[in-house]
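Below is one structure, written out as C-alpha cells; comments come after it.
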Amino acid sequence: MLLRARIVETEAYLEKDDAAAHCSRGPTPRAKVMFGKAGVIYVYYIYGNYFMLNFVTEKTGLAGAVLIRAVEPLEGIPAMERNRKMKVGKNLTNGPAKLVLALGIDGSLNGRTLGLPHLAVYEGKPVKQKDLVTTTRIGISVAQELPLRFYEKGNPYVSKK
DNA sequence: TCGAAGATTCTA
DNA sequence: AGAATCTTCGAA
C-alpha cells in the first residue's frame, strides 16, 4: 500500500543556541541520531503515547533536524484513516503525532536513512514564496522566541494551536 | 535511583 | 480546561 503526502508545515531544531532542541545537551542516547548525517530519520517517543518524525539536516558531527508538523494527504487516504483508528475528518494529518499515525510510522524508523521501501522524500509541488509563513515554534517552553516554524498559508492541514 | 518535564492529542 | 501515559535526562 503506497501512501503519499505533501509536507506543509515544519519546524527547525538547531545545534547552537537552541535550548528546545534535544541535541542542545549533547549526543545523549536519544539525541545522538541528530548528530548523524543528513537524510537520517529521527523518530522519538513522547508523552507516553506519540511518535514524532524528523529528518536530520546537518553533516555528520553537527546536529540539527526538521520536525514534520503537518502534511497534506495525497494518496492512500482510506488507509491513513484506518491507521488513525478514530473519526478524523480534516484532522487526519494536521499535527506531528497525527501524521505519524496516519502514515504508519513508528520508532523502528529511528536512525535509518531515508529511502524506499520504508520512507522516502521527493521534491513535490513547491510552496509559493508569498504563501510561506514563518512563525515561532509550538509546544515548547524554552527558546520560544526563535522564528523556526514554517508553513503554507491557507493550507487546511496545517496544525492548530 | 528518583522525579520532573516533555517538539501532543483527545475528551469533557 | 485537564487527563492520559511513559520515556528521557539531570540531579542526588
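Below, read A as the first sequence line, B as the second, and so on, with proteins coming before strands; counting in each chain starts at 1.
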*Apply salt bridge (charged side-chain N to carboxylate O under 4.0 Å, His left out) to A/E58 and A/K37, showing your working.*
CA-CA 6 Å; A/E58 306 302 316; A/K37 66 181 179 188; over 6 Å; no

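A side-chain donor-acceptor contact under 3.5 Å links A/K98 and A/N94. Residues A/E72 and A/T93 have side chains that never bring a donor and an acceptor to within less than 3.5 angstrom of each other.
Atom CG of A/L92 and atom P of B/dT9 are 13 Å apart (whole Å). Atom pair A/M86:CE and B/dT9:C1' shows a separation of 8 Å (rounding to whole Å applied). We find that NZ of A/K85 is positioned 16 Å from C1' of B/dT9, with the value rounded to whole Å.
For A/R69 and A/F150, the positive end is not near the middle of the six-membered ring at less than 6.0 Å and at most 45° from its axis.
For NZ of A/K90, the number of neighbouring non-hydrogen atoms (other residues, nucleotides, ligands) closer than 6.0 Å is 12 at most.
For the C1' atoms, the distance linking C/dA3 with B/dA5 amounts to 16 Å, nearest Å. Between C/dT5 and B/dG3, the two C1' atoms lie 15 Å apart (nearest whole Å).
For A/Y13 and A/H22, the ring centers sit 6.0 Å or farther from each other.
Pairing partner, B/dA7: none, since no Watson-Crick or wobble contact has both distances short of 3.5 Å. If you check C/dT5 for Watson-Crick or wobble pairing at under 3.5 angstrom, you find it has no partner at all.
Using a 4.0 Å heavy-atom criterion, one finds that A/R84 contacts the sugar-phosphate atoms exclusively.
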Between N or O atoms, less than 3.5 Å apart, protein on one side and nucleotides 4-8 of chain B on the other: list the pairs.
{"residue": "B/dG6", "atom": "OP1", "partner": "A/S141", "partner atom": "OG", "Å": "2.2"}
{"residue": "B/dG6", "atom": "N2", "partner": "A/Y47", "partner atom": "N", "Å": "3.3"}
{"residue": "B/dA7", "atom": "OP1", "partner": "A/H22", "partner atom": "NE2", "Å": "2.6"}
{"residue": "B/dA7", "atom": "O4'", "partner": "A/Y13", "partner atom": "OH", "Å": "3.4"}
{"residue": "B/dA7", "atom": "N9", "partner": "A/Y44", "partner atom": "OH", "Å": "3.2"}
{"residue": "B/dA7", "atom": "N7", "partner": "A/A20", "partner atom": "O", "Å": "3.4"}
{"residue": "B/dA7", "atom": "N7", "partner": "A/H22", "partner atom": "NE2", "Å": "3.4"}
{"residue": "B/dA7", "atom": "N1", "partner": "A/N54", "partner atom": "OD1", "Å": "2.5"}
{"residue": "B/dA7", "atom": "N3", "partner": "A/Y44", "partner atom": "OH", "Å": "2.9"}
{"residue": "B/dT8", "atom": "OP1", "partner": "A/R69", "partner atom": "NH1", "Å": "3.0"}
{"residue": "B/dT8", "atom": "OP2", "partner": "A/G139", "partner atom": "O", "Å": "3.1"}

